[in-house]
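Comments concern the structure below.
Each chain gets a letter, A, B and so on, in the order its sequence line appears, and its residues count up from 1.
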Protein chains: 2
Amino acid sequence: MPNPSAASPQPLTPDEESLVRALGQVMHVLPRAIDADMVGDRQLPLTEYTALMNLSETPDRRMRMNELAALCHLSLSGMTRTIIRLETQGLVRRERCEEDARGWNAVLTDAGYARLQESWPSHLAAVRRRFLQHFEGFDLTQLARAFQRAGTAEPTD
Amino acid sequence: MPNPSAASPQPLTPDEESLVRALGQVMHVLPRAIDADMVGDRQLPLTEYTALMNLSETPDRRMRMNELAALCHLSLSGMTRTIIRLETQGLVRRERCEEDARGWNAVLTDAGYARLQESWPSHLAAVRRRFLQHFEGFDLTQLARAFQRAGTAEPTD
DNA sequence: AACCGGCGCTTGATTGGTCAAGCAAATATG
DNA sequence: CATATTTGCTTGACCAATCAAGCGCCGGTT
């Protein structure tokens, strides 16, 4: 029997219920709000910002598509398309990978780095204001751990 | 000066950093995982499930598009399209609103109700397993409140 | 009672993502 | 060493969401 709880399991407690609902709302509202804050301010949608940010954190500002996609929580093809968008804006350049001619490196250009420098204060402010601010007084270490667990999807068994 | 913190504000603490990253991952992974669990089990994507669920919670299983869209965190046009999808599956019917001939009611059909009944145990199990389980020992009331605050987007000032 | 601005909803165009198929380089196999 | 399989990435087709424009009805004005 594939689904052991098919009958009618315990419903959620009111607390659980409202937590789940609130999470749903956050997942919907937050990225849009942060996006809006940044776009209004420095014209960089969240996905593209994340890509630039991850690139900037490597020693030589370059990364294979594979790895970058994983860090950005994007499919490989989604990543390709994001990088193309960034490339046409001159914020990223693509170079064939030396030790494996199938591979590509996305390389952060100086323009890209400059743009990131411009954007991150407003990104940071948005994250604080929209999210972190509401968790003052919480044990962030604990909380982060819980989210990491939840974010690590086990396969659908 | 529109952006007062343009220079180089305090970066995030490591805890804040990892919380933010973990939330990003959760926002990406969780809906897909829950979707996968449910689709694998009872063929109802999360958006459609949410619509049916909200309808089922009204006294007469019907709701104006407006209100339903808000509860589903969907734009009005997104809601229209979702309802159309559900309608073609026979899970929802649309009726002109009596007291205002511009309006429509989405009405949960018996088939829709039945389908919801079938789905919700696996939805519930997914939510528990993928999310709630990782927050045992937390003060859920507090947590829910914090998320509610974060989910209430103030306009971009 | 004829108009007209606003409202409720749908529709068209676009966007940003997914999955599946394709292609070229790399690697394993007979 | 030739061929088959696998790998890394791109491309094509699609999909679900968005925004902006459109359509018909409402309700207040004159």
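Proximity of A:Gln133 to A:Arg128: side-chain heavy atoms (C-beta onward) are nowhere separated by under 4.5 Å. Under the 4.5 Å side-chain criterion, counting only non-hydrogen atoms from C-beta, B:Leu68 is in contact with B:Ile83. Looking only at side-chain heavy atoms (C-beta outward), A:Leu12 and B:Leu132 come within less than 4.5 Å of each other.
Summary of the strand contacts: B:Leu76 and A:Thr47 both lie near DNA chain C, and taking for each the nucleotide with the nearest heavy atom, the more 5' one is attributed to B:Leu76.
A donor-acceptor pair is defined here as one N or O able to donate and one able to accept, closer than 3.5 Å; such a pair exists between the side chain of A:Thr109 and the backbone of A:Gly90. Listed for the B:Arg61 side chain is no donor-acceptor partner under 3.5 Å among the backbone atoms of B:Glu57.
Residues A:Val29 and A:Val26 fall into different hydrophobic clusters, defined by Ile, Leu, Val, Met, Phe, Trp and Tyr side chains chained together at heavy-atom separations under 4.5 Å.
Whole-Å rounding puts the A:Trp104 CH2 to C:dC23 P distance at 17 Å. Atom NE2 in A:His28 sits roughly 16 Å away from atom P in D:dA16 (whole-Å rounding). If you measure from atom CD of A:Glu98 to atom C1' of C:dA25, you get 16 Å, rounded to the nearest angstrom. We find that CG of B:Asn105 is positioned 12 Å from C1' of C:dC9, with the value rounded to whole Å. In this structure, B:His73 places its NE2 atom 17 Å from C1' of D:dA16, rounding to the nearest Å. For the pair B:Arg94 CZ and C:dG8 P, the interatomic distance rounds to 16 Å; values are reported in whole Å.
Remark: the B:Gln148 side chain and the A:Gln25 side chain contain no N/O donor-acceptor pair separated by less than 3.5 Å. Side chain to side chain, B:Ser18 and B:Arg21 fail the donor-acceptor criterion of an N or O pair below 3.5 Å.
The pair A:Glu95-A:Arg62 meets the salt-bridge criterion, with a side-chain N (NZ, NE, NH1 or NH2) lying under 4.0 Å from an Asp/Glu carboxylate O. Salt-bridge formation is not detected for the pair A:Glu87/A:Arg93: no Lys NZ or Arg NE/NH1/NH2 atom is positioned less than 4.0 Å from an Asp or Glu carboxylate oxygen.
Non-hydrogen atoms lying under 4.0 Å from DNA chain C are contributed by nothing in residues 50-71 of chain A. Residues of residues 77-92 of chain A that place a heavy atom closer than 4.0 Å to DNA chain C, in numerical order, are A:Ser77, A:Gly78, A:Arg81, A:Thr82, A:Arg85.
Aromatic rings from B:Phe147 and A:Phe135 are positioned such that their centres are separated by under 6.0 Å.
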Polar-atom pairs under 3.5 Å, protein N or O versus N or O of nucleotides 25-27 of chain D: list them with distances, or write none.
from	atom 1	to	atom 2	distance (Å)
D:dC26	OP1	B:Ala101	N	3.2

